[in-house]
Number of protein chains: 2
Amino acid sequence: MAGRSGLFFVSPLPAVAGRSGKGAGQAGLGPAPLNPQRTVGVCGYGPYLAGRAAPTGRFTRSCPFIVSTPVSTHRASISDLAAQLNLSVSTISRALSDHSSISDATKRRVWELARQLNYQPNQLAAALRKGRSNTLGVIVPHIDGHFFALVLKGIENVANQAGFNVMICQSNENAAHEKKNLDTLLNAQVEGILVSLSLTTKDVRHFEDVRRRDLPLVFFDRIPESPQVSAVVLDDYQGAYQAVEHLIGQGCRRIAHIGGPQHLNICRNRYRAYRDALQAHGLPYDEHLVYFCDLTLPDGLQAAEVLLGRNAPFDAVFAANDLAVAGAMQVLRAAGRRIPQDVALAGFSNELFTLLTEPHLTTVDQRCEEMGRTAVRLLLDMVADQTRQLPPRQIVLQPELLVRASSQRLGE
Amino acid sequence: MAGRSGLFFVSPLPAVAGRSGKGAGQAGLGPAPLNPQRTVGVCGYGPYLAGRAAPTGRFTRSCPFIVSTPVSTHRASISDLAAQLNLSVSTISRALSDHSSISDATKRRVWELARQLNYQPNQLAAALRKGRSNTLGVIVPHIDGHFFALVLKGIENVANQAGFNVMICQSNENAAHEKKNLDTLLNAQVEGILVSLSLTTKDVRHFEDVRRRDLPLVFFDRIPESPQVSAVVLDDYQGAYQAVEHLIGQGCRRIAHIGGPQHLNICRNRYRAYRDALQAHGLPYDEHLVYFCDLTLPDGLQAAEVLLGRNAPFDAVFAANDLAVAGAMQVLRAAGRRIPQDVALAGFSNELFTLLTEPHLTTVDQRCEEMGRTAVRLLLDMVADQTRQLPPRQIVLQPELLVRASSQRLGE
DNA sequence: TTGAAAGCGCTAACAG
DNA sequence: CTGTTAGCGCTTTCAA
């Protein structure tokens with residue numbers, strides 16, 4: 001199939017194989033031959049260091065990596081056990097799964113041999129036979145960045161606890177890629193799918209296949225606009241509303257907004273909350289104070305520049321994410337604005353770095369892990385429901401406003 | 001048996017001939033291309049909002065999510081196709097994989113029906129039969145945080161291009177968990193494994209199983225101390241050495257170090273480079289200027305406090321990672337130290353947030369994606385080698401020092 | 001160019 | 001308590 005391009009694209013330094021420089025009992029140097037007969041030993045070796053000589057020796061540590069001859073490359077199967085014990089494969093199978101109808105004596109024998117032969121069950125075969133892959137699929141826009149990483153952690157925890165593996169796909173914010181991801185998951189026979197839409201997904205018909213197969217499907221965070229789907233989301237509206245209200249409470253009257261792509265539910269809701277909060281407090285909406293972008297760091301920088309250039313004074317910025325507001329802060333400070341005295345700032349997502357900026361950033365926590373856990377629980381409920389008749393459910397998590405120095409103009 | 005702790009990380013499979021799709025009559029041969037589809041219903045619905053009433057309607061967008069009754073929940077298999085076309089399963093199988101010995105006419109009929117029935121090959125069955133799962137396994141300490149996320153991205157790219165899926169496990173910095181991860185991967189019949197050791201892994205004997213089975217194994221970044229393994233690492237020594245040398249070049253004479261756990265090769269090498277660089281430039285090593293910890297944010301805060309409290313003046317800090325130095329910076333500034341005039345700072349890893357602090361942090365780039373790509377290429381070479389005789393290789397990537405404001409005391 | 005048949009490793013009736 | 005048997009869906013000889 002796809003060619004394996006075996007070229008190594010490595011930096012100048014040639015590969016260092018079996019480099020040493022240590023005094024300790026070095027076994028093999030250089031291209032170590034395979035099958036060094038049962039060398040069960042301690043070996044130390046130098047650091048991967050280029051150039052400089054190093055006062056080594058004292059930094060090595062013992063390394064009990066056993067190098068034993070591969071006894072047999074053959075993977076023990078259930079029938080190997082059966083043959084060796086003069087039992088039938090079904091007995092072995094049952095013994096291994098601790099079936100009640102197998103005598104303790106037999107079980108013990110089986111387990112012992114399994115241990116000796118280092119038997120590992122073949123999940124593929126079991127899944128094929130049982131018709132259950134014990135695997136869930138997830139499609140996320142990307143994996144780098146705080147939010148999805150934490151959601152995935154939540155998903156993994158609950159799923160694993162329930163005995164499921166999780167297969168992850170990244171759509172790279174690309175709708176076509178997302179579609180392929182879906183095929184991949186279907187081919188892998190996953191038992192249910194979790195999805196957070198890509199930035200460029202404006203058409204969700206590719207999820208119809210899933211539906212047609214009665215395969216449980218749950219969206220989270222970035223979801224399509226249909227009450228017919230099951231979904232878990234944060235109450236972005238609420239979080240944003242609170243953030244803006246907080247800024248108003250600090251005496252801000254001209255609050256700017258850096259918003260994200262409006263076809264995404266999350267960005268739209270944050271923007272809407274911004275408008276509503278202003279209105280609820282009798283403040284006018286001024287479109288000169290609003291800037292839409294993709295919320296990257298460069299976008300944040302540019303947003304601040306544009307806002308400053310518009311000649312529409314503002315005393316606060318609420319951005320739809322933390323990165324944008326962090327970028328904006330740099331530009332604002334460079335322009336001589338004091339934070340929060342001149343301009344108060346609030347972001348969204350509670351990224352780790354909001355505690356690394358000076359001042360720390362006010363933000364809204366998204367309950368990442370909880371979102372993951374909730375979504376997978378919902379999915380597992382659907383998977384467990386044989387009838388496939390469960391009505392779609394939508395679950396809304398409550399965010400938490402975290403007030404920090406970037407927005408505190410009054411004594412707390 | 002082995003606990004489930006797997007996260008599969010997958011992406012588009014190599015095109016499977018006769019991929020589904022609906023829409024107008026696709027005539028073409030070969031892997032059916034994505035198809036343009038017509039819009040079908042439109043439905044709008046309110047936002048997931050709790051509490052406040054919202055001026056809905058204007059913010060909804062069209063949603064062509066089709067709600068159709070599940071026609072048949074039965075997944076079409078190869079034998080269904082065979083039955084309907086009066087062909088044998090083997091012919092179908094061959095046609096689907098575009099085998100040369102099948103007539104074009106037959107292929108066309110097969111593909112067409114496959115499309116109609118929305119046939120999706122069962123990977124499990126294929127893998128079982130072929131004895132090849134087309135899956136690689138990866139064990140990382142965690143998935144949140146810049147570094148591993150990017151390495152994984154690199155791994156995914158290359159692996160997918162070569163037609164492999166990737167299964168990810170997180171050890172959560174826990175050696176016991178790492179062991180379970182390994183079982184999970186073995187059970188899933190992966191064809192090769194990539195590992196970056198957990199913080200608490202001091203004994204690597206559990207990888208012996210892998211070796212005994214002749215399963216290709218490549219370590220990256222955090223690796224065991226043995227020349228017998230294949231590994232890809234950054235030249236941490238070189239990167240740290242350059243960073244410290246840079247600080248010296250800026251006029252710093254009393255440079256402190258915040259170091260990580262010394263049983264990890266990466267931390268040890270950074271520390272060693274720190275000492276060597278000092279020595280090479282005739283500066284004394286003073287243990288009062290060194291603080292070891294786990295390099296978290298709180299650790300960084302504490303490190304600075306301890307260093308300040310020791311009454312051993314210092315004019316620079318080189319930390320083994322960015323988080324620690326970012327934390328230290330906060331404490332130092334709070335204590336009235338100007339950065340970089342009083343204390344110059346340098347970290348390690350090139351985290352995104354190094355561009356969000358004030359001033360920006362000098363750091364060392366780790367070539368994350370390249371590390372992932374390189375590691376998986378090495379692994380794929382081993383997988384491709386039927387003989388299993390390839391000698392272990394170690395590849396060293398060169399880091400890049402990124403000088404930023406936190407350490408620039410002289411005009412560039 | 002197509003078909004028949006034999007499994008991959010495991011599970012689960014159904015019988016003893 | 002244990003064994004026999006029949007597949008899960010697919011690939012792959014070997015024959016036609």
Side-chain angles (χ1 to χ4, degrees), chain A residues 1 73-111 114 117-135 163 186-191 213, chain B residues 1-2 13-14 16-18 73-110 114 117-135 186-191 213:
Chain A
M1 204 147 292
T73 179
H74 175 70
R75 232 198 235 14
S77 79
I78 235 174
S79 62
D80 293 325
L81 303 198
Q84 293 203 30
L85 293 177
N86 270 321
L87 289 170
S88 70
V89 289
S90 47
T91 300
I92 304 292
S93 174
R94 283 187 279 244
L96 288 173
S97 51
D98 207 6
H99 194 285
S100 62
S101 74
I102 300 290
S103 75
D104 275 6
T106 306
K107 280 182 188 170
R108 235 186 299 272
R109 288 174 64 211
V110 173
W111 292 341
L117 299 188
N118 191 20
Y119 168 79
Q120 300 276 53
N122 185 330
Q123 301 264 295
L124 263 44
L128 177 61
R129 172 60 233 240
K130 288 195 283 199
R132 304 192 53 217
S133 64
N134 255 281
T135 300
L186 293 177
N187 290 349
Q189 317 294 123
V190 296
E191 297 187 46
R213 293 206 193 177
Chain B
M1 200 140 288
L13 277 207
V16 175
T73 178
H74 176 71
R75 234 198 234 13
S77 79
I78 236 174
S79 62
D80 293 325
L81 302 198
Q84 293 204 31
L85 293 177
N86 270 323
L87 288 170
S88 71
V89 289
S90 43
T91 300
I92 304 292
S93 174
R94 283 187 277 244
L96 288 174
S97 50
D98 208 4
H99 195 284
S100 62
S101 75
I102 300 291
S103 74
D104 273 6
T106 305
K107 282 182 187 169
R108 233 187 300 270
R109 288 174 63 213
V110 172
L117 298 186
N118 191 20
Y119 168 79
Q120 301 276 58
N122 185 329
Q123 302 270 300
L124 262 45
L128 178 60
R129 172 62 234 241
K130 289 196 282 199
R132 303 193 53 217
S133 64
N134 253 277
T135 300
L186 293 176
N187 291 349
Q189 317 296 122
V190 297
E191 298 187 46
R213 294 206 193 176

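Reckoned from all heavy atoms, side chains included, excluding hydrogens, waters and symmetry mates. Every value quoted in this text rests on a predicted model; they were computed, and no experiment measured them. A, B, ... follow the sequence lines: proteins, then strands. Residue 1 opens every chain.
No donor-acceptor pair closer than 3.5 Å links the side chain of A:S79 to the backbone N or O of A:S77. Without hydrogens or angle criteria, A:E191 side chain to A:N134 main chain gives a donor-acceptor distance under 3.5 Å. Proximity of a side-chain donor or acceptor of B:S88 to a complementary backbone N or O of B:T91 within less than 3.5 Å is detected. In terms of modelled atom types and a separation under 3.5 Å, the side chain of A:W111 and the main chain of A:A95 share a donor-acceptor contact.
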Every protein N/O lying under 3.5 Å from an N/O of nucleotides 8-11 of chain C:
{"from": "C:dC8", "atom 1": "O2", "to": "B:R129", "atom 2": "N", "distance (Å)": "3.2"}
{"from": "C:dG9", "atom 1": "N2", "to": "A:A125", "atom 2": "O", "distance (Å)": "3.2"}
{"from": "C:dC10", "atom 1": "OP1", "to": "A:Y119", "atom 2": "OH", "distance (Å)": "2.5"}
{"from": "C:dC10", "atom 1": "OP1", "to": "A:N122", "atom 2": "N", "distance (Å)": "3.2"}
{"from": "C:dC10", "atom 1": "OP2", "to": "A:I78", "atom 2": "N", "distance (Å)": "2.5"}
{"from": "C:dT11", "atom 1": "OP2", "to": "A:S93", "atom 2": "OG", "distance (Å)": "2.8"}
{"from": "C:dT11", "atom 1": "O2", "to": "A:R129", "atom 2": "NH1", "distance (Å)": "2.2"}

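At the heavy-atom level, A:N86 lies under 4.0 Å from the strands shown only through sugar-phosphate atoms.
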Q: Might you work through the side-chain hydrogen bond (donor to acceptor under 3.5 Å, both in side chains) test for A:S97 and A:H99, ending with a clear yes or no?
A: CA-CA 5 Å; A:S97 51; A:H99 194 285; over 6 Å; no

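Regarding contacts with the backbone of C:dG3, a side-chain N or O of B:T91 is found under 4.0 angstrom from either OP1 or OP2.
Comparing the local axis fitted to the first five base pairs of the helix from C:dT1-D:dA16 to C:dG16-D:dC1 with the one fitted to its last five gives a bend of 40°, rounded to 10°.
Considering only heavy atoms from C-beta on, A:L117 comes within 4.5 Å of A:Q84 through its side chain. Under the 4.5 Å side-chain criterion, counting only non-hydrogen atoms from C-beta, B:Q123 is not in contact with A:L124.
Between the CD1 atom of A:I92 and the C1' atom of C:dA12 there is a distance of 16 Å, given to the nearest Å. For B:I102 and C:dG3, the CD1 to C1' distance is 10 Å, given to the nearest whole Å.
A search for salt bridge (charged side-chain N to carboxylate O under 4.0 Å, His left out) contacts involving A:K107 returns A:D98, not counting sequence neighbours. The side-chain hydrogen bond (donor to acceptor under 3.5 Å, both in side chains) search around B:Q189 returns none, not counting sequence neighbours. With sequence neighbours left out, the salt bridge (charged side-chain N to carboxylate O under 4.0 Å, His left out) criterion links B:R129 to no other residue.
Scanning DNA chain D 5' to 3' for nucleotides with an atom closer than 4.0 angstrom to a non-hydrogen atom of chain A gives a first and last hit of D:dC1 to D:dG9.
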